[in-house]
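Have a look at the structure below, then the notes.
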There are 2 protein chains.
Amino acid sequence: MYTIGQVAERFQLPISTLRYYDKEGLLPGIERKSGRRLFSDVEIEALHVIECLKASGLEIREIRQFMKWCIEGAETYGKRKELFEARKKAVEEEMTRLQKTLDLIRFKCWYYEQAIKDGTEEKLQAMIPDKLPKKLRELYDNGHQ
Amino acid sequence: MYTIGQVAERFQLPISTLRYYDKEGLLPGIERKSGRRLFSDVEIEALHVIECLKASGLEIREIRQFMKWCIEGAETYGKRKELFEARKKAVEEEMTRLQKTLDLIRFKCWYYEQAIKDGTEEKLQAMIPDKLPKKLRELYDNGHQ
DNA sequence: ATAAAACCTAAACTTGACTTTAGGTCAAGA
DNA sequence: TCTTGACCTAAAGTCAAGTTTAGGTTTTAT
C-alpha cells in the first residue's frame, strides 16, 4: 500500500493530478484510511493503463467509461477489447502522421543547412521546384501532400 | 490567389481557424483587397509549415516567433535551423513513446481476446506474472517501465 | 437592381485538463 | 505534548486553441 505522495513520486505526477483522476472516477473503489487514499497494486496498474490510454489520445471521460466497464466484469470484455483495438488504430495513424511530419522537418533542416552554408534564401527557393536531389525532393513532396 | 473559403476547403480547416491564425500573427503580411484576405502561394506554404510545426507539438506562440524570424531574413537562418532540429528530436521522442504505448495496447488486445475466448479475468490475471509466453511478457514489461 | 452568399471585426464563450487557493484534519518524530 | 509535514475537500482559477455571436460590408448571380 502506498500513500498519494509515494505514488506521485513514482509516476512523476503532481499529487493534485492524482486527486483529480480520483475525482474524475479514474480510480474507482480506491481504499481510504481515516480519509487518506491508500493506493494498492490495483491502482498502480490502473495508473499504467491511464497513462497508456492518455498517450493514445483518449479523453478523461472515456477513460472513466473504461474503468466503469472494468468494474462491471466479464460482460464488458468485448467493449474493452474494442476500445483497445480502436486505440491501436488511432496510435498507428498518429505514428504515420508523425512520420510525414518528420520527413518535412528533415527537409527543412537540410534546407536551412544549405541556406547557411552557401547563400541566400532566394537562391534556394528558386532551387526547390526542379533542381532538388531526388531524395530530398521526395521528402519535400511527402510533407506537402 | 485564393479566398479564405477556398483555402479552408483545401486544408479542411474551419474559416474561423484561418482567421485565428492570422490574428495570432501566423500569416504575417498577408495581402488584402477591400478588407478581404488574399492567400498566395506564400501563405499556402506557410500553412503547410504551420501544420507541420503544430503536429510536432509546437505552440502557436512559438510558431509566431518562427514566422517573425522568416521576415527578419538571412540573419535568422541559424535560429530557424535550430528550431527544426529541436522539433526533429521532439517528434522522434514522441514516436518512441507511442511505440511503447502501442506495445501495451497490443498486449491488452491479446489479453481481452484470451479473456473472451477461454475464461474469467481472474484466471488470466493469475497468469500474467509468470506463465506468459516470452513475446507477450516482453510487451507487458515494455508497457510498464 | 437586388438578394443571397461570402467575407469582415471585436469580443465573449467553450472545452479539457489540470492547478491553485483557502481552510481544515491527521500522524509521526523531537 | 506539540509541531511540522503530509494529507483532505470544495471551489475558483488558468491556459491553449480555438469557436461562436452580433453586427456590419462586399461580391456575385439573377
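Reminder, nothing fancy here: chain letters follow the sequence lines and each chain counts from 1.
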Check every atom of [options] against the side chain of [X] and return the nucleotide holding the closest atom.
| X | options | value |
| --- | --- | --- |
| A/Lys54 | C/dC18, D/dG18, C/dG16 | C/dC18 |
| B/Ile4 | D/dT26, D/dT19, C/dC7 | C/dC7 |
| B/Glu59 | C/dC8, D/dA17, D/dT9 | D/dA17 |
| B/Ile60 | D/dG18, C/dC26, C/dA17 | D/dG18 |
| B/Arg37 | D/dC8, D/dG18, C/dT9 | C/dT9 |

- What do you reckon, is CD of B/Glu9 surrounded by more than 12 foreign heavy atoms closer than 6.0 Å? no

Below 4.0 Å: OP1/OP2 of [N] and any side-chain N or O of [X]:
| X | N | answer |
| --- | --- | --- |
| B/Arg19 | C/dA11 | no |
| A/Thr3 | D/dC7 | yes |
| A/Arg36 | C/dC26 | no |
| A/Arg32 | D/dT9 | yes |
| B/Tyr21 | D/dA17 | no |

- Query: With nearest nucleotides of DNA chain C determined for A/Lys23 and A/Lys33 from heavy-atom distances, which residue corresponds to the more 5′ nucleotide?
  - Reply: A/Lys23

- Between A/Arg61 and B/Asp22, just flag the one whose closest nucleotide in DNA chain C comes earlier from the 5' side. B/Asp22

- Message: Name the residue from B/Glu85, B/Glu92, B/Glu93 that meets the salt bridge (Lys or Arg N to Asp or Glu O under 4.0 Å) definition with B/Lys89.
- Response: B/Glu93

- Task: Run the ring-centre check on A/Phe66 versus A/Trp69 and record whether the distance is less than 6.0 Å.
- Result: no

- Task: Scan B/Ser34 against the nucleic acid and name what it touches under 4.0 Å (heavy atoms): base, sugar-phosphate only, or nothing.
- Result: sugar-phosphate

- Message: With side chain to side chain donor-acceptor pair (under 3.5 Å) as the criterion, how do A/Gln99 and A/Thr96 come out once you've worked through the C-alpha distance, each side chain's angles and the decisive distance to 0.1 Å?
- Response: CA-CA 5 Å; A/Gln99 187 53 62; A/Thr96 300; over 6 Å; no

